[in-house]
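Following: one structure in structure tokens, then a few remarks.
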Amino acid sequence: MALKDILEIIAADAEKEAEAILQAAEETYAARMEAAEVRAAQTRARILAEAQRAAQQEEARRLHRVKLENQRQQVQVQESAFLAAVRRAQEILAAARQRPDYEDILARLAAEALAHTDEPAIVVVHPDDVDLIRAILDTHHDQPQRVEAVETEEGLAPGVIVRSVNARVVTENTLDSRLQRSLPDLRPLLSDLLSEDQPGGRTPDERRD
């Protein structure tokens with residue numbers, strides 16, 4: 001075979017090998033580019049998912065803060081309304097001495113307080129109630145022998161304080177003390193009433209359920 005033919009064969013083989021190498025390189029490049037695009041797409045999807053999750057968490061935190069703030073404001077409104085109602089009740093009770101039936105009220109309060117002890121007792125009232133309580137005690141014949149004395153205390157609310165002579169039993173039965181004892185029951189009742197007035201508040205039927 002002539003040298004020329006041999007060179008042409010070598011050149012053809014080299015060209016084929018070069019083409020094969022170039023094709024392999026292009027395929028490798030294409031595969032790497034495809035893999036890079038897949039990784040980039042996965043990275044974008046992960047970043048978007050993390051961003052969405054973070055946004056949802058922030059929205060949940062924001063809604064939680066708003067809910068807590070609304071609850072705090074509602075509690076403040078209820079507490080303010082409760083305290084205002086208590087102050088108004090105290091004003092009304094403090095004026096009980098002007099009621100036409102105050103003698104009956106004072107008589108019941110004294111009888112209830114005296115019922116807590118069988119021992120000789122001292123009845124304490126506001127100075128304005130001294131004559132009235134003496135008249136009440138004189139009228140109820142089952143009590144005078146148990147009452148050793150009537151004393152006064154400035155600023156005492158309408159009603160009485162009864163203490164045994166030996167001071168072992170002390171019973172305060174004023175209108176204000178009765179109000180104070182009722183506050184734990186009044187507070188949840190007022191909260192329910194205020195909740196009815198709030199948007200989305202429960203109805204009476206819903207509370208019963």
Side-chain angles (χ1 to χ4, degrees), residues 68-199 201-208:
L68 289 178
E69 178 61 19
N70 289 339
Q71 291 176 342
R72 185 187 67 81
Q73 292 180 357
Q74 183 176 358
V75 169
Q76 286 183 338
V77 169
Q78 292 178 351
E79 183 65 14
S80 297
F82 176 76
L83 294 177
V86 171
R87 287 193 296 269
R88 179 54 182 156
Q90 288 174 324
E91 292 173 358
I92 294 173
L93 295 178
R97 292 187 179 92
Q98 282 69 54
R99 292 173 56 98
D101 60 345
Y102 179 60
E103 181 176 353
D104 293 335
I105 294 173
L106 186 60
R108 288 198 299 271
L109 293 173
E112 291 173 0
L114 287 166
H116 283 81
T117 179
D118 293 329
E119 301 175 1
I122 297 173
V123 177
V124 183
V125 295
H126 188 278
D128 292 346
D129 292 338
V130 171
D131 293 339
L132 185 58
I133 194 65
R134 291 186 186 280
I136 290 171
L137 295 175
D138 288 342
T139 301
H140 294 77
H141 300 292
D142 58 332
Q143 292 175 352
Q145 68 275 18
R146 295 172 47 204
V147 176
E148 293 291 323
V150 174
E151 297 180 356
T152 62
E153 180 180 317
E154 290 288 347
L156 188 65
V160 301
I161 295 176
V162 171
R163 66 172 182 266
S164 59
V165 173
N166 56 21
R168 288 189 301 182
V169 179
V170 178
T171 303
E172 181 176 356
N173 199 26
T174 64
L175 294 180
D176 187 66
S177 68
R178 293 172 71 96
L179 173 63
Q180 296 301 322
R181 289 194 293 270
S182 69
L183 293 185
D185 295 324
L186 292 177
R187 186 181 291 274
L189 175 61
L190 181 60
S191 296
D192 283 347
L193 292 176
L194 289 175
S195 296
E196 293 177 23
D197 295 334
Q198 299 296 322
R202 295 176 302 170
T203 64
D205 291 338
E206 289 174 334
R207 291 202 309 278
R208 284 194 295 269

Interatomic distance, N173 atom CG to H116 atom NE2 [nearest 0.5 angstrom]: 7.5 Å

Which pairs count as salt bridge (Lys or Arg N to Asp or Glu O under 4.0 Å) when at least one residue sits in residues 82-95, sequence neighbours excluded? R88-E91

Do R146 side-chain atoms and T117 backbone N/O form a donor-acceptor pair below 3.5 Å? yes

For H126 and L156, the nearest pair of non-hydrogen atoms, with its separation, is CD2-O, 3.4 Å

Do S80 side-chain atoms and V77 backbone N/O form a donor-acceptor pair below 3.5 Å? no

Nearest 0.5 Å, what's the CD-CD distance between E172 and E153? 8.0 Å

What's the spacing between R97 CZ and D129 CG if we round to 0.5 Å? 4.5 Å

To check you understand the geometry: which heavy-atom pair defines the closest contact between Q180 and P184, and what is its length? O-CD, 3.7 Å

For V160, run the side-chain contact (heavy atoms from CB on, under 4.5 Å) check against I136, V123, V124, T174 and tell me which one passes. V123

Does any non-hydrogen side-chain atom of S182 lie less than 4.5 Å from one of L179? yes

Quick one: side chain to side chain contact (heavy atoms under 4.5 Å, CB included) partners of Q98, sequence neighbours excluded? A95

Return the CD1 to CG distance between I133 and D128, rounded to the nearest 0.5 Å. 13.5 Å

Nearest-0.5 Å distance, CG of residue L109 to OG1 of residue T171: 12.0 Å

Taken in chain and number order and not counting sequence neighbours, the residues that satisfy side chain to side chain contact (heavy atoms under 4.5 Å, CB included) with D118 are none

Measure the OG1-CD distance between T139 and E103 for me, rounded to the nearest 0.5 Å. 6.5 Å

Atom of V165, atom of A121 and distance for their closest heavy-atom approach: CG2-N, 4.1 Å

E112, CD: over 12 other non-hydrogen atoms inside 6.0 angstrom: yes

Answer yes or no: are there more than 12 heavy-atom neighbours, outside R72 itself, under 6.0 Å from its atom CZ? yes

Return the set of residues passing side chain to side chain donor-acceptor pair (under 3.5 Å) with S164 (not counting sequence neighbours), or none when no residue passes. N166

With sequence neighbours left out, write down each residue that passes side chain to side chain contact (heavy atoms under 4.5 Å, CB included) with A96, or none if nothing qualifies. R99, Y102, P158, L175

Could you list the residues that satisfy side chain to side chain donor-acceptor pair (under 3.5 Å) with Q73, not counting sequence neighbours? E69

